[in-house]
Number of protein chains: 2
Amino acid sequence: MEPNIAYLGALVGDAARSKMLTALMSGKALTATELSLEANITPQTASSHLMKLVDGELIIVRKQGRHKYFQLKNLQVAELIEQMLNISASMAQTSIATGPTDERLKRSRICYDHLAGELGVQLFDALQSNGWIVEAQDMLTLTQLGLSFFSELGFDTAATKKTRRPLCKACLDWSERRSHLAGYLGKWVLTDALARQWAHQDLDSRAIEFTPHGLKAFKSKYGF
Amino acid sequence: MEPNIAYLGALVGDAARSKMLTALMSGKALTATELSLEANITPQTASSHLMKLVDGELIIVRKQGRHKYFQLKNLQVAELIEQMLNISASMAQTSIATGPTDERLKRSRICYDHLAGELGVQLFDALQSNGWIVEAQDMLTLTQLGLSFFSELGFDTAATKKTRRPLCKACLDWSERRSHLAGYLGKWVLTDALARQWAHQDLDSRAIEFTPHGLKAFKSKYGF
DNA sequence: TCGATGCTTCGGTGGCAATCGAACTATGAA
DNA sequence: TTCATAGTTCGATTGCCACCGAAGCATCGA
């Protein structure tokens, strides 16, 4: 029988649940209370929503002490949310007052496990103009030049063979309407920047905050 | 502000509307009455649903005489539906009696504009084992060998430069859980087979019916 | 053992949205 | 002009589901 899309749609199609899912796009595992705050609902209500999301296999739980940590089930789910974000962003926009938080999100944010926003797009452009990646017919490939560039930086090229995940991949950006770098390489770039303490992830949102020095180092490293 | 996923989800998250959208995955434009039959609802109800889908920019209308023809708005929407079909197919399955129609769907069906189902997967495998396409890190590329093979068949390689659409692309199959050929090339293969009258699309479903002779020709053409 | 915190279960309420019957408008055919 | 078909608008009904208050269970720290 044909799969039941309606069930999946209804799962996402509730304001509270969609806020939770979007919050989980940060890649972090969040507790039930945190998610209830995110969605502006009481813990009771949140609990029932979370149960539904788990039943629907969109998220998973890890119980740790008296906390329950929730996260998106897998990359496939994250990609679904991402695509829905893109489509709804391109729909006729009732753009209400954008607060300061939104400004930060627009500048640089995490998109499940890689960098998005203005900075993500700038990075993408720089990689391209330096000839490290090539976009042909919407498919992204790492050039030989790019391969040696990234292995010098400490990127483990051997590890990419083990994963079935695409090495690099263009990911449409809902705020910029431009491509940014996703895939295994995109994940590595973000992880690396965080590890070097050039930036840190906001505790309560998907925003990525670069230090002045970190931003400079980041830009010079990738040549822009 | 962040895009509103919930609205989009709710749009898909109704049984009647999701049936309509799935029906429109055939790529054909359908009338309001046809869609109401597809969803098992009265024309009045269908009318209100269709209005919502148009408002939500998931589908578009063309008025022709006293008919209204509906179709998916663009490729992005079709990809969303496809992705949702995949995810819901991989969810814990309440697999109820699969009728004969479903058997046909499983064998070979249209996935917006390219071939899916068992036959689509077989084609994909054949193209791969003949060395015409290569799947590396989940990215699909047409080899030089494949390029000359397809241009001999009459595939206009120049035209691919004009479109931003990926030339070939792996598309996960919800019934087979395997890749099949999507993208520009995938579309061409299907169009070509239909033009040669090797197969025809069922009038009332997404099934693709190959003639015995057509199937033979199709298989020998692509070497499987 | 006791209180505090995190989460869940239960029951009742309220609101929204899908549905259809009936009546209406538009297009086409005879 | 008249009938048939395609689609819409309106109003009333219905059922589902998100929501919260209250009470309950589980884990942790003292």
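Letters A, B, ... mirror the listed sequences (proteins, then strands); counts begin at 1.
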*Asks:* Let me know the distance between CG of B/L50 and P of C/dT19, rounded to the nearest Å.
*Replies:*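 Between P of C/dT19 and CG of B/L50: 12 Å.
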*Asks:* Quick one: does A/K19's side chain get under 4.5 Å of A/L35's, heavy atoms only?
*Replies:* no
*Asks:* Any side-chain heavy atom of A/L30 sitting closer than 4.5 Å to one from A/F70?
*Replies:*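 Side chain of A/L30 against side chain of A/F70, heavy atoms only: no contact under 4.5 Å found.
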*Asks:* In whole angstrom, give the distance that lies between atom NZ of A/K52 and atom P of D/dC17.
*Replies:*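 Roughly 7 Å, once rounded to whole Å.
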*Asks:* Quick one: which of D/dC19, D/dT8, C/dT19 gets closest to the side chain of B/S48?
*Replies:* C/dT19
*Asks:* Quick one: do B/K221 and B/D192 make a salt bridge, cutoff under 4.0 Å?
*Replies:* yes
*Asks:* Atom CZ of A/R62 and atom P of C/dG6: how far apart are they, to the nearest Å?
*Replies:* 18 Å
*Asks:* Taking 4.0 Å as the cut-off, does a side-chain nitrogen or oxygen of B/T42 come that near to OP1 or OP2 on C/dC20?
*Replies:* yes
*Asks:* Among the candidates C/dT9, D/dC19, D/dC20, find the nucleotide nearest to the side-chain atoms of A/H49.
*Replies:*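 Closest nucleotide to the A/H49 side chain: D/dC19.
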*Asks:* State, yes or no, whether a side-chain contact exists between A/L181 and A/H114 at a heavy-atom distance under 4.5 Å.
*Replies:*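 Not touching, per the 4.5 Å side-chain cut-off.
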*Asks:* Distance check needed: C/dG28 P versus B/Q64 CD, whole Å only.
*Replies:* 10 Å
*Asks:* Flag the pair A/R17 / A/K52 as yes when at least one side-chain heavy-atom distance between them is below 4.5 Å, and no otherwise.
*Replies:* yes
*Asks:* Starting at CD of A/Q44 and ending at P of D/dC17, how long is that distance when rounded to a whole Å?
*Replies:*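 One finds 20 Å between P of D/dC17 and CD of A/Q44, rounded.
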*Asks:* D/dC28 P sits how many Å from A/R66 CZ, rounded?
*Replies:* 7 Å
*Asks:* Counting only side-chain heavy atoms from C-beta out, which of D/dT8, C/dT27, C/dT9 sits nearest to B/K63?
*Replies:* C/dT27
*Asks:* Write down the distance between NE2 (A/H67) and P (D/dC28), rounded to a whole number of angstrom.
*Replies:* 9 Å
*Asks:* May I ask you to verify if any side-chain N or O of A/T45 is less than 4.0 angstrom from the OP1 or OP2 atom of D/dC20?
*Replies:*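 Yes, such a contact exists.
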*Asks:* How many Å lie between CG on A/L35 and C1' on C/dT8, as a whole number?
*Replies:*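 One finds 16 Å between C1' of C/dT8 and CG of A/L35, rounded.
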*Asks:* Quick one: label A/A16 by what it contacts on the DNA or RNA (base, sugar-phosphate, nothing), any heavy atom closer than 4.0 Å.
*Replies:*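 A/A16: backbone/sugar contact only, no base atoms under 4.0 Å.
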*Asks:* Looking only at the side chain of B/S47 (C-beta and beyond, no hydrogens), which of the listed nucleotides D/dT9, D/dA6, C/dC20 gets closest?
*Replies:*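 Taking heavy atoms from C-beta onward, the closest nucleotide is D/dT9.
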